[in-house]
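Both counts, for ligands and for their atoms, begin at 1 and track the order of listing.
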Amino acid sequence: MMRKPVVLITGAGGEIGHGLITRLAASGRQRLVTLDLTRLEPEIGRLVTREFTGSILDQALLERILAEFEIDLVFHLAALLSTRSEFTPVMAHQVNVEGTLTLLEFAQKEGESHGRPVIFVYPSSIAAYGLPDAETRAAAGRVHEDQFTQPTTMYGCNKLYCELLGTYYARHYKQLSAAPAASRVDFRAIRFPGLISAATAPSGGTSDYAPEMIHAAARGEPYDCFVRPDTRIPFMAMPDAVEALLKLAAAPRWQLTRTAYNIGAFNPSAEDIRAKVLQAFPDAAIGFEVDHKRQGIVDSWPEDVDDGAARADWHFDPSFDFARAFDEYLMPAIRARYASAG
Ligand code: SER
């Protein structure tokens, strides 16, 4: 029986998955197979060829997918985000690290079975960085990929280590084996900034104050931001994040000089975001109620990132700066979303 070539998306029901599936389905070029713990929302589920419900740690389920589909591209999005991971660090390690190891091994087997490398696209994060104090952070400015990689969170440690695991599978797999096992994993990672989507509200992240502020205002609910007004980290609108994943996946291997790439678009302070939301929703009640532990996490992340390598190697070029992200993407889409939700 011929297996069918498809793209596999894990964690498909999450924020990035939602945007990626919508975008890929609109292009109509690829068949999509998804894996998530829970059923996809019906309007997303109907865009995919086959929806598997289960854990990325379930070997029997992965064997079934392997037997049925020829996968040449994996977007491995399943993860517990940074705040959530601090509450359940062991579970975070299981999902974020063991889950990624399982998927890398799965990709290697897929590649071996069809004789070509499987492109494995992995969302890493600015959480992979850990800046020690405010002075260093202010002096560092735009942080390069090889600087300050001493994360302080379980999630950040997981992301950084999985970048290394991916590199192992891509370059050094079974290097001492008597029967050399050719690597069949072409691993590529993006260190995402905080992401803001109009279609979904996030859960469990530490950069969530930005999207939470916007979604609460659109719903007419009061919101207390959990970081100080002067807090500044990089953010990006979801359509640019999705385009970046697709561009990196499509780049010829020889153009890539790194395994993990920074990307950035704008880096407003929490007060800048509040002011912008108030322009659109003048009656919004947005205050500040600092959670010192979550503030500490955000303060360990860079104020901005140097994304020169992504721009040079695979022509990363975001469409949305801060003003356009709000005026042309977030505000119209969020208004429409909550208006139609009644
Ligand atoms: N935005 C994510 C979080 O806050 C980090 O990648 O957990």
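Side-chain contact check for Thr257 and Asp313: at least one donor-acceptor pair (N or O, by modelled atom type) lies under 3.5 Å. Looking at Tyr338 and His215, their side chains do bring a donor and an acceptor atom within 3.5 Å of each other. Using modelled atom types, one finds a donor on one side chain and an acceptor on the other under 3.5 Å when comparing Thr10 with His76. Defined by atom type and a distance below 3.5 Å, a donor-acceptor pair is present between the side-chain atoms of Thr259 and Arg171.
Per-residue contacts place Ser82 under 4.0 angstrom from the following atoms of ligand 1 (heavy atoms of the residue considered): 3 (C), 4 (O), 7 (O). Ligand 1 places these atoms under 4.0 Å from at least one heavy atom of Ser125: 5 (C), 6 (O).
Of the polar atoms of Thr206, at least one N or O is found under 3.5 Å from an N or O of ligand 1, judged by distance alone. Ligand 1 has no nitrogen or oxygen under 3.5 angstrom from a nitrogen or oxygen of Thr83.
Residue-environment remark: CZ (Arg29) stays at or below the threshold of 12 foreign heavy atoms within 6.0 Å. In this structure, Phe288 places its CZ atom where more than 12 heavy-atom neighbours from other residues, nucleotides or ligands lie under 6.0 Å away.
Under 4.0 Å from ligand 1, the heavy atoms of Trp301 that appear belong solely to its side chain. With a heavy-atom cut-off of 4.0 Å, Ala127 does not touch ligand 1 at all.
Judged by the shortest distance from any of its heavy atoms, Tyr155 lies inside the 4.0 Å radius around the atoms of ligand 1.
Among protein heavy atoms, the minimum distance from atom 1 (N) of ligand 1 is reached at Ser207 OG, 2.8 Å.
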